[in-house]
Amino acid sequence: MGSWQETQTRPEDPFAAIAPHYDALMENVPYGAWADYVTELCTRAGRPIRPGSRLLDLATGTGSVALEFAARGCTVVGLDLSQAMLEQARRKAREREIPAEFVQADLADFRLPARFDHAVCLYDSLNYLLDPASFKRAFANIRAALKPDGVLVFDVNTIRALEAELFTQRSAPGAAIEYRWVSKYDPNTRLSVIRMDFRVRATGERIQVVHRQRGYTDGQIRAALRRAGFTHIAAYDAYRFEKPRPESDRVFYAARP
Ligand SMILES: C[S@@+](CC[C@H](N)C(=O)[O-])C[C@H]1O[C@@H](n2cnc3c(N)ncnc32)[C@H](O)[C@@H]1O
């Protein structure tokens with residue numbers, strides 16, 4: 001990888017270099033518990049996830065959430081912009097012999113037939129949409145891919161999380177992939193620039209990438225959802241069933257038309 005300067009000026013996939021290591025970095029992420037939580041939110045929204053449900057995993061990454069639901073009997077399509085992340089997802093599906101389809105597309109610019117009972121978009125993936133117009137378009141595209149009574153569940157990093165520079169963090173000593181991230185939030189643009197520096201311990205490989213996320217207010221999120229045709233909107237403090245608090249750093253939304 002080049003210097004920070006070079007990385008910033010090339011519009012490259014910020015997940016490309018890290019894709020082969022993504023699952024090692026996420027080894028402590030409880031994807032099974034996340035799937036349970038999402039399932040409960042869908043039940044509360046009036047449309048339980050059941051074997052046979054058609055589920056669209058948006059910003060699927062390496063497909064961990066998609067494969068979790070596919071293993072539970074759902075018919076799953078995973079969508080992501082990053083070819084490198086999708087390669088990992090397809091490899092995992094092959095190796096585990098779990099049927100799932102993976103497609104490359106931009107959240108802000110995709111169209112799939114309205115055939116899904118559920119759409120999920122997890123791990124602050126929507127914060128990667130850096131301009132409000134793309135953010136709004138993503139909800140319209142998701143709405144179009146859902147059946148008339150379909151449910152969307154997603155989570156976001158709150159503005160509070162970005163302000164508090166929660167992305168500034170480093171790996172625990174001895175981790176297989178060591179990392180050091182430094183984030184800088186601009187309250188005027190609500191953009192967070194995160195400089196990520198990784199070192200693969202086994203090979204010594206260094207990876208430096210810059211990620212950018214944008215914070216959206218609860219009002220902006222609800223307005224974008226309503227504009228896309230979602231009328232029932234519930235927000236939750238992450239992994240709980242209580243309303244978000246001012247100090248919530250991650251919020252889940254469950255929405256249906
Ligand atoms: C933090 S990862 C989350 C991956 C996965 N949902 C998980 O829980 O592990 C964010 C993902 O969003 C994808 N992404 C970012 N911007 C996107 C866009 N505009 N359209 C589709 N995918 C996007 C990235 O390629 C990446 O795989």
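The shown structure was predicted, so the numbers you read here are calculated from the model rather than taken from an experiment. Numbering of ligands and ligand atoms starts at 1, following listing order.
- A donor and an acceptor atom, one from each side chain of Glu165 and Ser183, are located under 3.5 Å apart.
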What are the atom names and distances for all N or O pairs under 3.5 Å between ligand 1 and the protein?
unit_1   : atom_1 : unit_2 : atom_2 : d
ligand 1 : 6 (N)  : Ala59  : O      : 2.7
ligand 1 : 6 (N)  : Leu122 : O      : 3.2
ligand 1 : 9 (O)  : Tyr22  : OH     : 2.9
ligand 1 : 9 (O)  : Tyr31  : OH     : 2.6
ligand 1 : 19 (N) : Asp106 : OD1    : 2.9
ligand 1 : 20 (N) : Leu107 : N      : 2.9
ligand 1 : 22 (N) : Leu81  : N      : 3.2
ligand 1 : 25 (O) : Asp80  : OD1    : 2.6
ligand 1 : 27 (O) : Asp80  : OD1    : 3.3
ligand 1 : 27 (O) : Asp80  : OD2    : 2.7

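- Other residues sharing the hydrophobic cluster of Phe102, ordered by chain and number and joined by side-chain separations under 4.5 Å: Leu67, Leu86, Ile98.
- With sequence neighbours left out, Tyr123 forms a ring-ring contact (aromatic ring centres under 6.0 Å, His included) with Trp34.
- Screening residues 23-38 for salt bridge (Lys or Arg N to Asp or Glu O under 4.0 Å) gives Asp23-Lys92, Asp36-Arg72 as the qualifying pairs, with residues at least two apart or on separate chains.
- Electrostatic pairing of Arg206 and Asp197 counts as a salt bridge here, judged by a charged N lying under 4.0 Å from a carboxylate O.
- Relative to the six-membered ring of Phe135, Arg214 misses at least one condition, a distance below 6.0 Å or an angle of at most 45° to the axis.
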